Amino acid sequence: MARTTADRRPIIALTRLGMGARPDDLARVSDAGGWLRGQIRLGGAANPQVALPPTDDQIARLYAYRDQVAQARRADADSGRDPVREARRILIDATAAAFLARMRLACLTEAGFAERWALFWTNWFSVSATKFQAALVIPQYEAEAIRPRVFGRFSDLLVAAEAHPAMLLYLDQAQSVGPNSSVGQRREAGLNENLAREILELHTVGADAGYTQADVTEFARALTGWSISAPPDAPPALRRQAQAGSNGFVFRALVHEPGSRTVMGHSYRQDGHDQALAILNDLAAHPATARRAAHRIAAHFIADEPPTTAVAALEAAWIDSGGDLAVVATTLIGLPEVWTAPQAKLKSPYELIVSGYRAIGLAPTRIEHVQPILRQLGQPPYSPASPEGWPDEAAAWGSPDAVVTRMGWAQAFAEAVPVPLAPTDLAEAVLGGLLSERTRAAVSRAESRSEAVALLLMSPEFQRR
Amino acid sequence: MITLNRRDWLAGAMGVSVAFAGRSALAQDADRNKLVVIIARGAMDGLSVTVPSGDPNYEALRGGLVVRGALPLDGDFGLHPAMPRLHALHEAGEARFAPAVAIPARLRSHFDAQDILENGGAALRQERDGWLNRALAITGTRGLAVGAQTPLILRGDVQTASWAPGGAPDDDGRLAALLMDLYADDPLLGPALTTGLQTEAMAQTALDGQRLGPRNVATLGRGVAGLMAGPEGADIVALTLDGYDTHARQGADEGQLANRLSIQDQVIDGLRLGLGEQWGRTAVVVATEFGRTVRANGTAGTDHGTASCLILAGGAVRPGGLLGDWPTLADNRLYEGRDLTPTLDVRSVFKGLLRDHLGLDQTDIERTVFPNSGEAAAVSGLV
């Protein structure tokens, strides 16, 4: 049964650009373009519904926890109780609750495109819970720095991400000290170039943009002073001259490396905080950033090896608009390739599990329902292995072991959940014009309702988008 | 638990041909040599593994990172104290070390450098697939990736198996059989499912029904060894260990890096224990994308550097001293004034192992596996 491209627009909008179809979505989304455009809002993507303690409070808790660890190490290990472990668990529980809330939002939202767009930028600016200190403020980072800005200017998003304590802790910027600053001259402390390097390589121009080790070091010097609030027992000198910014950011003039800096051929004579800010703004406006972002967006939404025409259109929109992400998103949804390309992308584990819940019209209610399978499939909550973030290509997620694990999940999930419709109707509802005759036949011939649903979830057209 | 049903079905209806098609005469040999490549991801600090205790500049340059309790190796070097099992292998003549190894390109990006380490190119973006996969295409033997994701080094035209600790679904093979029909036209899902089920069945047999938790390092090496045993076992294995990017509070004799090294030590020894007599035909090589700065940074850690160490272990390894020269830590010998200078191209070791351990033809190595590697001659006498 041949279907026209026009028939498929709503299901492509829901699956390729959104988070998957819920059983009633296709009936609701008849105008695909209008549905997508309506989600591109200046205020960004919606935040998950969960009460988050402010970032500053979390940092205070982190310091308290460190004290506790120190005390516990001094004290004799008496009873079987492990106070450090308990304290750690309490801190991490809040992060786990926030992850569940974010996943529930993805499962229940009617603005699936805004959600996917927000996840894309979250991954571009990856912070990983593999580092405990960063884990405590990742939900705050996403809610405060990333999600409100995903349809604003890229430069604003960049500055907000780099200045957030989560990033400053994750990439070791918070403790970096200028060797010639007033603190640096008095004690054994120095530069840490981790954040500077990853901003250049991953968050802006990319490793082949022609910068050198000297540029990295100079940028690291300019970034000194970008930090978080000091522990309560820190020497008063460290607390003095610290300007508090938003979301827990603190600029410490006392550790900032004095003098002008040269990065990628530009000279920066600003004082203090403004110096790194000026560098960030130049990096945001650099053509290499536009090219890299255009390629990554097209690769995420269309194909691992995206059509060059699509990349060029996104790059032009980026440059013409000065990195206005609303314009770039609008350009993306108008690209012919988005609507005509075959289903080449393999869903990541997170996308698969979310779209599985969406298919049956539910959302997970406990972290224990989703965390083990995400871990087994190689995508544990908030924990990419490196600042590069999660991979985006099929080869990374479609290993033999992963496909077997996906099958085991589909089977267990299908047995455990209520199915809202007759299986063939469900397949029609969540795959629409993408449903192949072969899958339809297999679903209709299945020996049980749960087998039918497992086949639907494991079908190539459901595994891909 | 796996049922006989599924294994029967696998061997019969599906066959194993998809996974291991195109095997050459070389692979018919029942006593095939085994190669395990461990990638230490994140840039392992070589100066803390093969510790240059005798270098006159070592203590002054490293400050708080100096490893005091290094276990004695050849000459002026010691091995990190968190690796006693590896040290015992060295004592038995089954482990050798190259203290200053690097990839051919001078990069300080983890991701670009890992790409080169794994794709075997001489510079960025020269190769698309992994060099171990290209080697498999020639040997016709079996490849296995350990972990939830297949690393680049094993990606390519040849289908490889993959396995991650964590257990298999219970099922009688019915759903898998139905899915194979749905996957008839899918280039990725069909072959992946076939291979995955087969490996899982082998793992269940090898582990004798025990479940292996994903964090159980002590048994990880043994689990992998189980998948390398017997006529259907894997011959070329890639395994990734991460957590080496120690920018802050790296530690010295103890601490963050020591913990990662201890895991590595246990995995290698687990392989030895699990492989039993096959250990004698096995070479394990540990490599990392680059080393770390010689001096500590401002946060008691180290930043991205250049040369690091390479570890070679296994019953097939020929006893001997250090591989490659020691560049020394003298001021005028440091690369760009901050890093250990490489004296050995990592491809030279890989090429030596491919030629002398896996029996690849020199021409195939130069043309197919490591093109543009003329400047990196294969090291002789490794095995």
Side-chain angles (χ1 to χ4, degrees), chain A residues 130 171-172 175-179 184 188-194 197 201-202 207-208 213 216 220 346 349 372 375-379 385-388 391 394-405 407-412 436 438-439 442 445-447 451 454-455 458-460 463-464, chain B residues 19 41-42 63-64 107-112 124-125 145 147-150 152 155 159-164 166-171 174-176 178-179 181-186 188-189 191-200 214 242-243 245 247-248 296-299 301 303-304 336 338:
Chain A
T130 51
L171 292 179
D172 309 302
Q175 319 99 299
S176 182
V177 172
E188 189 75 13
L191 276 187
N192 187 307
E193 60 189 36
N194 203 9
R197 182 185 305 281
E201 180 178 338
L202 299 174
D208 47 10
Q213 175 60 41
V216 173
L346 187 71
R375 178 172 289 285
Q376 265 188 307
L377 287 172
Q379 200 174 22
S386 82
E388 198 180 16
W397 298 123
S399 75
D401 187 76
V403 175
V404 173
T405 306
M407 184 181 76
W409 167 79
Q411 201 165 26
S436 69
R438 205 186 258 155
T439 298
R445 277 189 228 122
E447 67 174 12
E451 185 178 273
L455 284 165
M458 286 307 290
S459 67
Q463 292 287 316
R464 295 178 177 275
Chain B
R41 229 177 262 286
L107 304 160
R108 291 194 184 92
S109 153
H110 289 300
F111 319 114
D112 284 348
L124 268 180
R125 285 172 265 287
Q149 296 172 4
T150 299
L152 173 63
R155 290 194 211 159
Q159 172 79 43
T160 56
S162 83
W163 175 75
D170 285 339
D171 107 272
R174 185 183 147 85
L175 179 60
L178 293 170
L179 284 176
D181 186 34
L182 293 188
Y183 292 169
D185 298 329
D186 194 297
L188 184 145
L189 293 169
L193 182 61
T194 311
T195 312
L197 288 170
Q198 185 194 11
T199 309
E200 193 55 55
D242 55 19
D245 196 19
H247 282 281
N297 65 13
T299 51
D303 289 322
H304 301 183
E336 293 187 349
R338 54 181 260 158

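Just so we're clear, the structure is a prediction, and the values are computed from it rather than from any experiment. Residue numbers begin at 1 in each chain, while the letters A, B, ... track the order of the sequences.
Atom CG of B:D303 and atom CZ of A:R197 lie 7.0 Å apart (nearest 0.5 Å). Taking CG from B:L193 and CG from A:D401, the interatomic distance works out to 11.5 Å, rounded to the nearest 0.5 Å. For the atom pair A:S386 OG and B:D242 CG, the distance stands at 9.0 Å (nearest 0.5 Å). Note: B:D181 CG to A:R438 CZ = 6.0 Å, rounded to the nearest 0.5 Å. Rounding to the nearest 0.5 Å gives a distance of 5.0 Å between CD of A:Q411 and CG of B:L175. Atom NE2 of B:H304 sits about 8.0 Å away from atom CD of A:E201, to the nearest 0.5 Å.
Both the backbone and the side chain of B:R108 come within contact range of chain A, with heavy atoms under 4.5 Å apart. Heavy atoms closer than 4.5 Å to chain B are found nowhere in A:P179, neither backbone nor side chain. At a 4.5 Å heavy-atom cutoff, the contact between A:A396 and chain B is made by backbone and side-chain atoms alike. Heavy-atom distances place both the backbone and the side chain of A:L455 under 4.5 Å from chain B. Contact of A:E447 with chain B is made through backbone and side chain together, with heavy-atom distances under 4.5 Å. In this structure, chain B has a heavy atom under 4.5 Å from the side chain of A:L202, while its backbone stays farther away.
A donor-acceptor pair shorter than 3.5 Å can be found between the side chains of B:H247 and A:N194. A:D172 and B:T299 share no side-chain donor-acceptor pair at under 3.5 Å.
Checking each of B:T195, B:L189, B:T194, B:L197 against A:V403 for a side chain to side chain contact (heavy atoms under 4.5 Å, CB included) leaves exactly one that passes, namely B:L189.
Your options are A:Q379, A:E451, A:Q463, and the one with the most heavy-atom pairs under 4.5 Å with chain B is A:E451. Chain A forms the most heavy-atom pairs under 4.5 Å with one residue out of B:L107, B:L188, B:L182, and that residue is B:L182. Interface remark: of the candidates A:Q175, A:R445, A:Q213, A:Q213 forms the most heavy-atom pairs closer than 4.5 Å to chain B. Looking only at heavy-atom pairs under 4.5 Å with chain B, the residue among A:A412, A:S176, A:A207 that has the most is A:A207. By number of non-hydrogen pairs under 4.5 angstrom with chain A, the leading residue of B:S162, B:G63, B:G196, B:S109 is B:S162.
Counting heavy atoms from C-beta outward, B:H110 and A:P387 have side chains that stay 4.5 Å or more apart.
A:E388 and B:R41 are not joined by a salt bridge, as no carboxylate oxygen comes within less than 4.0 angstrom of a charged side-chain nitrogen.
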